[in-house]
S.K.: 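Pasting a structure here, questions to come.
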Amino acid sequence: MNDRAPPQAERAALYERMRPLGLTPLWEVLHALVPLQPAVRTQPAHWRWDEVRPFLAEAGRLISAEEAVRRVLILENPGWRGESRITSSLYAGLQLILPGEVAPSHRHAQSALRFVVDGRGAWTAVDGERVTMEEGDFIITPAMAWHEHGNDGGQPVTWLDGLDIPTVAFFEAGFAENGSAARQAVTRVEGDSLARYGQGLLPVEGARRFGATSPIFSYPYARSREALAHLLRHGEPEAAHGHRVRYVNPATGGWAMPTIATWLQALPERHATQRSRSTAGRVYSVVEGRARLTIADDRPGGASVGFDVGPRDHVVVPPWHWLSIDAERETVLFGFSDAPLQQAAGLLREETAA
Ligand code: 1HN
């Protein structure tokens, strides 16, 4: 038959007819479904504290923590506009609580981390135990644990929130509940979890708290900084990462949170790292020092950007982008990523290069 319609038109007509049945041809999308290298929508980004801080302060004047429920400015990745993501799998935001305020009790399937960025004297209550927040403290809200925040001190307090919100949404597995009162009952003395689980000891008998999450829900910076000081003085920095230590669940030896990897990284003054890349996108909160973070995408058409960072700045390094760090002064970074989930799935790839 010479007057046959060209195959393209015939194919298109076929696809059109099968569409109502929920059928679609794989061969039209195969390359996009299975890319040769990670197809990364996340972009490198830098939030400077001196630029973010005035907006937090203004939000503090215009809405109360009570009215907002959580007064947070989301760190939204430019590659994920309108999607409340800092990477494809993770959410990040900066939360402000003013003296006298309370952010009411609720709980949800999403796990949260807090990293205290500015100020002191706020508190968070998790599962009946309160902890006072100091700069650099790392605090966990495990999945479905009741939690609220307050500030009984005299100064505004800001912390970084990191949550697995896009991951839970991906699984369509989110649940949440509001507390019947703004504040849950405090049933444990302050310091209980650290005293029970944070001394290199674990109770032989009895149940553990928080399931897959560390039974320690607050890792004070005073202790972490001591470990880093020791490493800076007596250790040898690793070529690509400097001195990198992870927050650990003492009950398992694994990550402190089941869905989010969290670590601290210290670089000696004038130390320049080798490059590293990971399939897990990395979010950084700068704790101390001054450094240049260079992020390079060596895939075709990829670019390189440099961010000069100081305390309270935030940076996101997209998956499979090279990161190198030049520390102008002794620098401490807090980092988080979705590495535990990628590890569990056998997906995590990490490389270093000179
Ligand atoms: C949340 O519960 C907190 O408890 C912060 O402080 C940010 C973002 C989305 C959903 C829940 C908090 C959140 C959140």
Side-chain angles (χ1 to χ4, degrees), residues 47 52 55-56 59-60 63-77 80-134 137-153 156-184 186 210 213 217-218 256-260 262 283 285 314 316 334 336 338:
W47 291 265
V52 169
F55 287 97
L56 275 171
I63 190 164
S64 68
E66 190 100 43
E67 194 190 346
V69 182
R70 297 296 187 261
R71 188 202 288 113
V72 179
L73 298 185
I74 299 172
L75 303 181
E76 192 169 73
N77 193 285
W80 294 100
R81 287 265 187 252
E83 300 223 26
S84 306
R85 307 185 200 210
I86 191 155
T87 68
S88 63
S89 60
L90 294 169
Y91 158 103
L94 289 170
Q95 180 159 178
L96 170 70
I97 190 153
L98 297 172
E101 288 191 322
V102 174
S105 188
H106 70 186
R107 62 178 187 157
H108 38 72
Q110 293 81 3
S111 296
L113 68 86
R114 330 278 169 199
F115 187 77
V116 184
V117 162
D118 186 49
R120 59 188 303 203
W123 53 264
T124 186
V126 175
D127 188 37
E129 183 178 337
R130 236 194 216 207
V131 65
T132 304
M133 293 168 146
E134 303 280 343
D137 290 357
F138 163 62
I139 296 162
I140 303 171
T141 307
M144 290 319 279
W146 290 105
H147 58 283
E148 72 261 15
H149 320 297
N151 186 345
D152 298 340
V157 176
T158 302
W159 63 81
L160 170 69
D161 287 316
L163 287 90
D164 53 10
I165 289 172
T167 299
V168 174
F170 173 80
F171 289 117
E172 301 182 318
F175 294 89
E177 209 178 330
N178 287 318
S180 51
R183 295 183 186 218
Q184 59 179 306
V186 173
F210 303 141
T213 304
F217 76 98
S218 171
M257 302 173 72
T259 54
I260 308 180
T262 51
V283 181
S285 182
H314 293 84
V316 56
F334 167 81
F336 73 94
D338 65 11

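In listed order, ligands and their atoms are each counted from 1.
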S.K.: Please tabulate, for side-chain N and O atoms in residues 170-177, each donor-acceptor pair with protein atoms closer than 3.5 Å (sequence neighbours left out).
M.R.:
residue, atom, partner, partner atom, Å
Glu177, OE1, Arg107, NE, 3.1
Glu177, OE1, Arg107, NH2, 2.9

S.K.: Yes or no on side-chain contact (heavy atoms from CB on, under 4.5 Å) for Leu56 and Leu73, after CA distance, side-chain angles and deciding distance?
M.R.: CA-CA 7 Å; Leu56 275 171; Leu73 298 185; 3.9 Å; yes
S.K.: Rounded to the nearest 0.5 Å, what separates atom CG in Asp164 from atom CG in Leu90?
M.R.: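 That separation rounds to 7.5 Å.
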S.K.: With under 30° as parallel and over 60° as perpendicular, where do the rings of His108 and His106 fit, or are they tilted in between?
M.R.: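 Judged by the thresholds at 30° and 60°, the geometry between His108 and His106 is perpendicular.
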S.K.: According to salt bridge (Lys or Arg N to Asp or Glu O under 4.0 Å), who are the partners of Asp137, at least two apart in sequence or on a separate chain?
M.R.: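 Asp137 satisfies salt bridge (Lys or Arg N to Asp or Glu O under 4.0 Å) with no residue once adjacent residues are dropped.
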S.K.: Can you list, by chain and residue number, every protein residue with a non-hydrogen atom closer than 4.0 Å to ligand 1?
M.R.: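 Ligand 1 pocket, heavy atoms under 4.0 Å: Arg70, Tyr91, Gln95, His106, His108, Arg114, His147, His149, Asp161, Leu163, Ile165.
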S.K.: Can you list the residues that meet the side-chain hydrogen bond (donor to acceptor under 3.5 Å, both in side chains) rule with Thr262, with sequence neighbours excluded?
M.R.: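 Checked Thr262 against side-chain hydrogen bond (donor to acceptor under 3.5 Å, both in side chains); zero matches.
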